[in-house]
Amino acid sequence: MADKSNEKVLIKGNYAIAQAAINAGCQCYFGYPITPQTEIGEYLSGKMQELGRAYVCAESELGAINMVMGAVSTGVKAMTSSSSCAVSLMQEALSYASSDELPVVLVNVMRTGPGLGYIYPAQGDYNQAVYGGGNGDYKLIVLAPSTVQECVDLTYRAFYLAQKYRNPTMILADGLLGQMMEPASFGEYPYPEVDVSSWALTGAKGRDARKIYSVATDEKKQIQHIYDLHKKFEVIAENETTYEEFNTEDADIVLVAFGSMTRNIKAAMNVLRAKGKKVGCFRPVTLSPFPYKALKSLADKGKDLVVVEMNMGQMLKDVKYAVEGKVNVSFVSRPCGEWLSVEEIVDAVEDIMVSNTSKSIQPGSVKEVSYAAARA
Amino acid sequence: MADKSNEKVLIKGNYAIAQAAINAGCQCYFGYPITPQTEIGEYLSGKMQELGRAYVCAESELGAINMVMGAVSTGVKAMTSSSSCAVSLMQEALSYASSDELPVVLVNVMRTGPGLGYIYPAQGDYNQAVYGGGNGDYKLIVLAPSTVQECVDLTYRAFYLAQKYRNPTMILADGLLGQMMEPASFGEYPYPEVDVSSWALTGAKGRDARKIYSVATDEKKQIQHIYDLHKKFEVIAENETTYEEFNTEDADIVLVAFGSMTRNIKAAMNVLRAKGKKVGCFRPVTLSPFPYKALKSLADKGKDLVVVEMNMGQMLKDVKYAVEGKVNVSFVSRPCGEWLSVEEIVDAVEDIMVSNTSKSIQPGSVKEVSYAAARA
Amino acid sequence: MGKIIIDNNRCKSCYICTTTCPKGLIKKSSKTNRLGDYMVEFDDPKGECIGCAMCAKRCPDMAITEVYR
Amino acid sequence: MGKIIIDNNRCKSCYICTTTCPKGLIKKSSKTNRLGDYMVEFDDPKGECIGCAMCAKRCPDMAITEVYR
Amino acid sequence: METNFILAGFGGQGILLAGTVLANAFMLEGKNVTWYPCYGAEMRGGTVNCEVVVSDTEVSSVHKQDTDYALVLNQQSFDRFVQRVKKGGTIIANSTLVAESKPRNDINYVFAPMGDIANSLGTSKVTNVVSLGVLSSVCNIVSKEYLAKGVEKVLGEKKKDLLPLNEKALANGFDALLTKV
Amino acid sequence: METNFILAGFGGQGILLAGTVLANAFMLEGKNVTWYPCYGAEMRGGTVNCEVVVSDTEVSSVHKQDTDYALVLNQQSFDRFVQRVKKGGTIIANSTLVAESKPRNDINYVFAPMGDIANSLGTSKVTNVVSLGVLSSVCNIVSKEYLAKGVEKVLGEKKKDLLPLNEKALANGFDALLTKV
Amino acid sequence: MQQQELKEGVNIGVNAGEKGMVQVFSIPKSMKENFRYTFCPGCDHGIAIRLVAEVIDELGIREDIISSTSVGCAVFLYDFLEVDCVEAPHGRALASATGVKRARPDKVVFTYSGDGDFASIGLAESMHTALRGEKVTSFCINNTTYGMTGGQLGPTTMMGQVTTTSPTGRNKEYFGYPIKVAEHIALCDGTAYSARVALDSVPHINEAKKAIKKAFQVQLDGLGFGFVEILSSCPTNWHMTPEEAHERVRNEMIKVFPLGVFKDVSA
Amino acid sequence: MQQQELKEGVNIGVNAGEKGMVQVFSIPKSMKENFRYTFCPGCDHGIAIRLVAEVIDELGIREDIISSTSVGCAVFLYDFLEVDCVEAPHGRALASATGVKRARPDKVVFTYSGDGDFASIGLAESMHTALRGEKVTSFCINNTTYGMTGGQLGPTTMMGQVTTTSPTGRNKEYFGYPIKVAEHIALCDGTAYSARVALDSVPHINEAKKAIKKAFQVQLDGLGFGFVEILSSCPTNWHMTPEEAHERVRNEMIKVFPLGVFKDVSA
Ligand SMILES: Cc1ncc(C[n+]2csc(CCOP(=O)(O)OP(=O)(O)O)c2C)c(N)n1
Ligand SMILES: Cc1ncc(C[n+]2csc(CCOP(=O)(O)OP(=O)(O)O)c2C)c(N)n1
Ligand code: SF4
Ligand code: SF4
Ligand code: SF4
Ligand code: SF4
Ligand code: SF4
Ligand code: SF4
Ligand SMILES: [Mg+2]
Ligand SMILES: [Mg+2]
């Protein structure tokens with residue numbers, strides 16, 4: 001069905017990611033089921049066997065991510081996919097992979113948290129992805145698709161960037177995107193193959209043995225290593241930060257969202273434009289590196305911002321950080337479940353435009369009764 | 001040796017935390033060794049057995065934190081302790097514990113990351129602790145001691161706050177503090193016992209059965225739950241945010257640090273004051289809730305800030321966020337190992353005062369040679 | 001002589017009871033439940049039920065809530 | 001007749017070899033290494049070494065680097 | 001302009017597949033379209049549904065509380081989704097399994113014996129495709145021709161032999177209201 | 001005013017304990033004091049060290065690159081820590097195991113046969129306490145009286161019987177330089 | 001025989017039913033009032049939970065119980081049993097139970113989890129709880145798949161079995177072999193009781209109940225860890241009718257996972 | 001006999017040594033040049049690594065090897081062996097090795113970890129690697145404690161053993177029982193070879209080498225998972241001289257952890 005042609009096919013976000021991984025040359029998939037991303041592994045189980053590539057039903061997400069680390073250390077492309085609470089289990093390994101500079105590719109199709117939460121789509125793992133839930137100073141590259149087509153495109157990009165920079169790279173999707181179908185075309189994997197021969201483990205034949213590790217019993221080396229990782233990420237930020245802007249030029253107010261919420265702010269913008277309101281949209285494609293500069297320059301131009309998220313204000317903080325108090329930054333949110341509708345966003349933005357100060361709005365928020373945690 | 005008297009004893013930070021836990025009435029300790037905090041478990045192994053309390057050598061940190069969750073669900077006080085990479089393994093459980101509102105107490109005696117890193121002291125887990133390395137919207141209470149005496153005091157406070165707010169609470173120390181000895185006195189546990197009878201699991205005798213869980217298959221309930229957790233944390237922020245200020249009143253420039261780096265900025269302040277420079281100090285005691293308002297009001301008074309950390313700028317970001325671009329925020333750091341010395345801080349601050357703009361300084365930073373990750 | 005009570009609200013029409021009863025006293029009825037499945041009924045005109053409770057023991061949904069003998 | 005070579009740089013003075021040699025040819029010497037421990041020496045004036053390599057096999061630090069027979 | 005459809009029935013009525021055919025039809029027609037299922041434990045209790053949204057521009061809300069068209073194949077789904085039809089919207093129900101009631105008076109009702117029509121073709125399994133035929137006769141943005149192409153696409157090479165039956169189902173569904181009148 | 005001390009030797013020379021006694025002495029005198037060991041894999045290779053810092057106010061740098069006083073019990077430690085003594089600072093070495101050399105000329109050197117003194121008391125195990133005696137004779141902020149109290153505190157009730165021996169070691173250490181002169 | 005089985009196997013009502021009859025089966029008291037299982041039709045989880053409830057009733061321990069439930073179809077246990085429950089993350093039920101029991105040694109602690117939970121993601125926690133000889137009771141529902149997530153290959157999936165992640169069946173090259181849970185637990189020195197039972201027939205159900213009771217009894221007697229692996233059907237993910245599913249248990253599963261008591265220190 | 005043992009047990013130099021002698025022992029070629037172990041005096045890690053190196057030499061596989069090392073005293077393996085190595089977090093060596101092997105099935109993959117790493121924190125990963133029958137070779141150094149962190153109670157600590165976290169000895173109430181690693185691994189169907197050996201004497205060292213070779217051979221022959229549990233001394237944390245430590249291995253450990261081959265599908 002889905003292949004390398006340019007023909008459009010109607011396909012689920014989860015399957016799109018899986019097929020794109022195949023096209024990108026992913027040699028190994030390791031995974032453990034969890035809704036709403038289990039279909040990635042299900043799709044790949046048959047295909048990878050047919051292609052003679054590796055597929056392991058890992059014993060857990062801990063197992064899976066460590067298998068990926070082992071596999072990519074040999075220079076092949078490999079990935080795992082999971083969701084929210086189970087991604088939390090991978091934080092130690094991600095911190096290791098960053099330090100070991102292993103080109104791990106990881107997909108998080110977000111569900112609701114904290115804890116087990118539930119399978120409703122949400123965007124509550126922004127902090128974990130962007131700030132790094134693991135220990136120490138490191139950063140993942142984080143790509144957030146907003147359409148099924150981007151599930152394809154950003155999966156391609158994830159494999160490329162991971163190897164290019166030898167940095168773990170995450171595709172941060174959500175249950176909505178994972179579960180929906182939309183037309184998308186695959187085409188060929190558009191990036192060059194990265195030369196890994198200088199570091200990949202292939203057996204010490206005709207060269208010195210190679211060691212990939214993060215521990216440095218020499219303090220100076222350890223410090224240098226942390227500086228080098230930091231500098232690498234500055235290069236990544238310089239080269240790879242991507243975002244989209246729509247109608248920001250003449251806008252008085254700019255809506256900011258990531259992932260599949262982008263769809264809704266764009267529609268809300270259209271509605272508001274139709275009503276004569278000068279509204280624009282801004283959407284980071286890379287959440288890490290985050291487009292601080294681009295947002296700063298919007299603020300410098302005096303545009304008020306409205307951040308729209310399916311969480312309690314995680315990207316909001318980065319946006320506020322970027323604009324350094326220069327403009328009003330308002331917030332429209334629901335923490336999970338039913339995606340904020342275009343109408344809700346439109347209403348909220350109109351409300352904000354009237355009041356002309358920063359505001360936090362939770363449309364149709366449920367009645368605020370106290371919620372006993374020992375829910376008898 | 002260490003007991004409940006007010007007499008001062010010379011004691012290691014690790015032991016101080018352990019003895020304070022005993023005094024606070026910690027009934028169960030579950031742990032797995034990792035340098036530089038293994039002595040907490042070692043100290044408790046004998047004492048807890050003598051006292052007839054519970055002590056388990058857990059099979060892993062995953063096991064340990066989940067044992068704590070089980071134990072505290074019954075209303076008793078319990079804790080675990082660990083360090084950096086191993087704390088990364090606990091992120092799923094911490095997210096669950098937050099959602100389940102379980103009064104888990106966790107000690108992180110930080111070492112160097114990312115990954116395994118090494119046993120040098122560092123402050124690289126600020127983000128993980130403060131932003132929550134787990135999935136979803138939740139916050140830990142995070143207390144950062146700066147002296148061995150505070151290892152005692154803040155351990156007491158951690159047990160109290162955890163139960164008072166039914167929120168997981170972390171003591172974020174570092175290897176320096178864990179390993180050093182300093183005089184400290186214990187005294188009696190100074191907080192009232194929190195009544196847990198309304199929620200603790202003790203068997204459904206003469207009442208309905210109680211269920212503690214985070215999953216809500218009803219969307220509205222889940223949303224309400226997230227709002228309630230959020231609101232609870234606002235109450236915590238209102239009531240429990242603590243910080244220390246020294247000589248900020250007349251200061252032109254205020255040094256900001258947390259944990260044991262506080263000692264060094266205070267000494268640096270004294271040196272600079274002696275040289276006639278108007279320097280003050282600010283130190284968050286609670287990293288979460290973070291004293292945004294207090295920092296904001298320093299900024300409102302036009303005081304430039306210098307953040308001093310043993311990491312690549314983690315608290316720095318929160319400080320900048322707090323001051324909204326109103327004042328210069330400079331940064332002095334080393335990512336691990338040798339603590340920044342008083343002299344290094346003094347030099348850096350003098351340098352900053354001369355240039356009069358924001359600056360990032362890494363004293364004696366190692367030569368910037370490229371560091372191949374396949375370190376053959 | 002025995003007797004059973006079936007709670008149609010709990011029954012999920014798995015039909016395990018129908019093959020379990022040694023006397024063949026439980027049958028698919030022609031009534032459907034809200035999912036459109038045919039419900040089961042206790043059909044013992046001759047009073048053959050021995051109250052062995054095998055049906056209840058194998059009912060996965062405790063839809064056979066009482067057995068008498 | 002045999003012969004062994006001890007690398008004093010590797011030897012950690014664990015003395016396992018001294019009790020392993022069936023001929024008792026390896027002895028604590030009076031020389032100390034940089035940690036202040038007494039080093040071992042191969043002392044085979046009568047050429048008793050049979051080159052069995054038992055010493056080398058049990059040396060945890062491969063400080064007995066060569067055995068000849 | 002966005003139009004959205006909810007398709008609902010009980011598990012086994014092939015409702016997700018019907019949605020897929022509809023979405024493929026729109027795609028083949030060159031429109032922007034999304035398809036979104038209920039998933040996971042939401043599926044327990046036996047009913048299944050999916051939403052299809054078609055748009056001139058990129059689809060905004062993939063998953064909405066209200067809908068323009070609800071296509072429901074059983075009573076439970078009727079009872080649930082009749083509440084979610086927009087004012088002025090339409091509910092299209094399989095009268096073989098749904099009682100012909102009109103609980104609201106601000107929406108349109110279409111009842112057709114989709115199950116009976118399918119049975120008359122020899123199998124109740126094509127009730128879903130019959131229902132799409134009915135839909136296209138009621139809703140002019142749903143093209144009968146592209147539905148046929150959608151069916152062809154979804155059946156694919158492997159199940160090509162089922163195509164004639166499904167085409168018939170589509171046609172009979174399309175004609176259902178005519179015959180009834 | 002902060003003064004800092006590094007105590008170093010090989011594992012088994014009781015250097016961490018000596019540091020603990022010194023730190024206790026300062027504490028009992030009512031001063032602010034910290035003690036900080038090398039730990040973990042740093043300890044491999046056999047040498048051990050700890051730092052004691054005493055101050056009128058809260059101790060700032062618990063762990064420093066340079067030191068006012070280095071008390072070293074073996075040659076390896078001498079070689080390493082002679083480099084870390086501050087200009088004008090003092091290194092105090094156990095001449096029983098350390099060759100009397102003076103590689104720098106901007107610091108003070110004190111050599112005393114601490115090991116021999118300990119051996120003369122019947123056991124090399126008290127070399128560490130002897131060394132503290134030497135230290136207090138050289139450094140006037142280290143009080144011999146409080147060192148004795150520190151020893152008592154560290155020995156505790158259980159090892160009280162060792163007190164006389166250790167007091168003797170302290171005294172003989174204190175007198176070491178006198179006798180030598 | 002039948003008579004005897006009944007005495008042990010079901011609750012015998014003390015009050016006569018209508019028309020002077022004796023009630024020989026009723027819903028266990030430990031079930032939550034008006035519960036209605038959310039399991040799929042024909043799913044054996046329902047029987048297993050009932051047996052646990054019957055044993056709790058018979059031992060009179062309902063008010064002393066604190067249970068830990070982790071994730072899987074089993075998670076909904078807390079909706080059905082009128083006993084205190086604390087949630088644990090997927091795979092960590094036994095660590096959580098250890099914490100509960102150490103905190104409240106006087107309480108009766110049990111866990112109820114799926115094979116994926118107990119033997120895949122949670123294997124280390126499960127086995128170490130057995131090794132430590134924690135005085136807790138654990139049940140592992142072996143349905144040869146991850147039921148809740150829709151039937152993927154799990155630690156007990158049988159050779160050749162088709163699942164959503166082994167579309168051509170479990171083969172050893174890609175997927176290796178299933179684990180023998182009850183045998184491994186029996187091999188742990190802290191285990192007091194380890195058995196494997198099935199729920200495919202009335203005699204097996206009766207045996208299962210005895211095992212469940214024994215697994216609680218060793219806890220009550222302070223002997224160590226009590227464990228029962230319960231072979232169960234998952235008609236939904238096996239794509240079988242409930243009847244076919246039970247036949248599979250009977251004819252295929254039991255061959256691979258033999259029933260029996262693998263350890264019983266009280267015997 | 002002795003003669004034969006030598007042939008198997010050490011590298012026999014082809015060139016005559018001085019004075020026409022034959023070299024019967026030399027440092028394995030797979031050791032890194034000028035390596036110097038950082039283990040404590042008398043630590044058996046040194047012998048175990050040498051045996052691995054000798055086997056690698058004899059099988060001629062050095063250039064085909066990719067190893068995974070996790071955390072413990074074993075971590076420094078990468079400083080000593082001239083083979084490719086990738087680090088894994090504590091306990092995850094076998095997951096990492098699985099990844100390596102699946103990515104490069106033509107390479108020879110092995111892990112070398114401590115008992116804590118393999119059987120405590122990593123037990124699930126270790127056992128599932130065996131269950132999957134991964135064609136990798138694993139060594140578990142059982143020294144009855146966590147050596148690297150300073151000697152705490154671990155999964156193999158023996159009853160009564162005093163450690164820094166069992167100051168009055170391992171008692172069953174608080175700490176339960178040690179795990180029988182080789183037996184559990186043997187019970188996994190994907191295991192081709194599982195043995196337990198010791199390093200306390202020359203005959204045992206010779207046996208150990210044979211087992212190590214066999215564990216590699218089953219990988220090379222594609223038979224499945226190869227495993228050796230190696231009883232080793234930790235004089236530092238046992239607070240014993242190297243000699244005393246070996247006596248403890250001989251007189252106490254082997255009683256609790258019997259030596260032998262527990263499974264060998266090639267036999
Ligand atoms: C860390 C984590 N990984 C994965 C999941 C998703 N998940 C929920 S239940 C389950 C498996 C259930 O299988 P099993 O334990 O055998 O129970 P069953 O449903 O078959 O009774 C999985 C993988 C999760 N909730 N958390
Ligand atoms: C997640 C994690 N937990 C704990 C540690 C600390 N740690 C390092 S090695 C080790 C145990 C080593 O014991 P073992 O595996 O038996 O090896 P040995 O040192 O005894 O050879 C521990 C607990 C760690 N590095 N990472
Ligand atoms: S009690 Fe026995 S005889 Fe009566 S209906 Fe049930 S199974 Fe049949
Ligand atoms: S066994 Fe129970 S659920 Fe199944 S059909 Fe019979 S009564 Fe209904
Ligand atoms: S080779 Fe044999 S005889 Fe010679 S020194 Fe070594 S152990 Fe002794
Ligand atoms: S066995 Fe080796 S390390 Fe030990 S004393 Fe002999 S030569 Fe030295
Ligand atoms: S999925 Fe399987 S195990 Fe879960 S409720 Fe349905 S039949 Fe039972
Ligand atoms: S601590 Fe033990 S295992 Fe580690 S190197 Fe020392 S003796 Fe060997
Ligand atoms: Mg299962
Ligand atoms: Mg060990």
Side-chain angles (χ1 to χ4, degrees), chain G residues 90-92 94-95 98 101-102 105 115-136 153-159 166 170-192 222-225 256-257 262 265, chain H residues 90-92 94-95 98 101-102 105 115-136 153-159 166 170-192 222-225 256-257 262 265:
Chain G
H90 188 33
R92 318 302 167 195
L94 280 88
T98 295
K101 186 72 181 189
R102 295 291 182 119
D115 46 349
D117 194 78
F118 187 94
S120 189
I121 190 168
L123 186 60
E125 287 77 12
S126 300
M127 278 186 50
H128 278 285
T129 303
L131 286 162
R132 279 193 308 270
E134 295 294 341
K135 288 158 200 82
V136 304
L153 181 136
T156 51
T157 298
M158 299 197 297
M159 298 315 293
S166 57
R170 181 173 201 145
N171 60 63
K172 69 175 168 34
E173 285 72 26
Y174 272 81
F175 306 110
Y177 301 87
I179 183 171
K180 297 161 198 153
V181 182
E183 287 85 340
H184 277 289
I185 295 299
L187 189 52
C188 297
D189 281 346
T191 300
L223 297 175
F225 184 61
V256 177
F257 305 110
F262 295 91
V265 298
Chain H
H90 187 35
R92 318 304 166 194
L94 280 88
T98 296
K101 186 72 182 187
R102 294 291 183 118
D115 45 349
D117 194 77
F118 188 95
S120 189
I121 189 169
L123 185 61
E125 287 77 14
S126 301
M127 278 186 52
H128 279 285
T129 304
L131 286 162
R132 278 193 308 270
E134 294 296 342
K135 288 158 200 81
V136 304
L153 181 135
T156 51
T157 298
M158 299 198 296
M159 298 315 293
S166 57
R170 181 173 201 147
N171 59 64
K172 70 175 165 40
E173 286 72 25
Y174 273 81
F175 306 110
Y177 301 87
I179 184 172
K180 298 161 197 152
V181 182
E183 286 85 341
H184 277 289
I185 295 299
L187 188 52
C188 297
D189 280 345
T191 300
L223 297 176
F225 183 62
V256 177
F257 305 109
F262 296 92
V265 298

Seminar exercise, completed: Interface check, chain G: of H/Pro178, H/Gly122, H/Ser120, most non-hydrogen pairs under 4.5 Å belong to H/Ser120

Problem set entry | Residues forming a side chain to side chain contact (heavy atoms under 4.5 Å, CB included) with H/Lys135, sequence neighbours excluded | H/Lys101, H/Gln219

Exercise. Heavy-atom distance under 4.5 Å to chain H: side chain of G/Tyr174, backbone, both or neither?
Worked result: both

Seminar exercise, completed: Those residues at least two apart in sequence (or on a different chain) that pass side chain to side chain contact (heavy atoms under 4.5 Å, CB included) with G/Ser126 are G/Leu94, G/Phe118

For this session: Go through the atoms of G/Glu125 and report whether side chain, backbone, both or neither lie under 4.5 Å from a heavy atom of chain H.
Result: neither

For this session: Kindly indicate whether the side chain of G/Arg102, heavy atoms from C-beta on, has any atom under 4.5 Å from the side chain of G/Glu134.
Result: yes

Problem set entry | Region of H/Glu173 that comes under 4.5 Å of a non-hydrogen atom in chain G | backbone

For this session: Tell me, for G/Ala130 versus chain H, whether the close heavy atoms (under 4.5 Å) come from the side chain, the backbone, both or neither.
Result: neither

For this session: Would you mind reporting whether H/Met158 and H/Arg170 have side-chain heavy atoms less than 4.5 Å apart?
Result: no

Seminar exercise, completed: d(G/Lys180 NZ, H/Leu187 CG) to nearest 0.5 Å is 5.5 Å

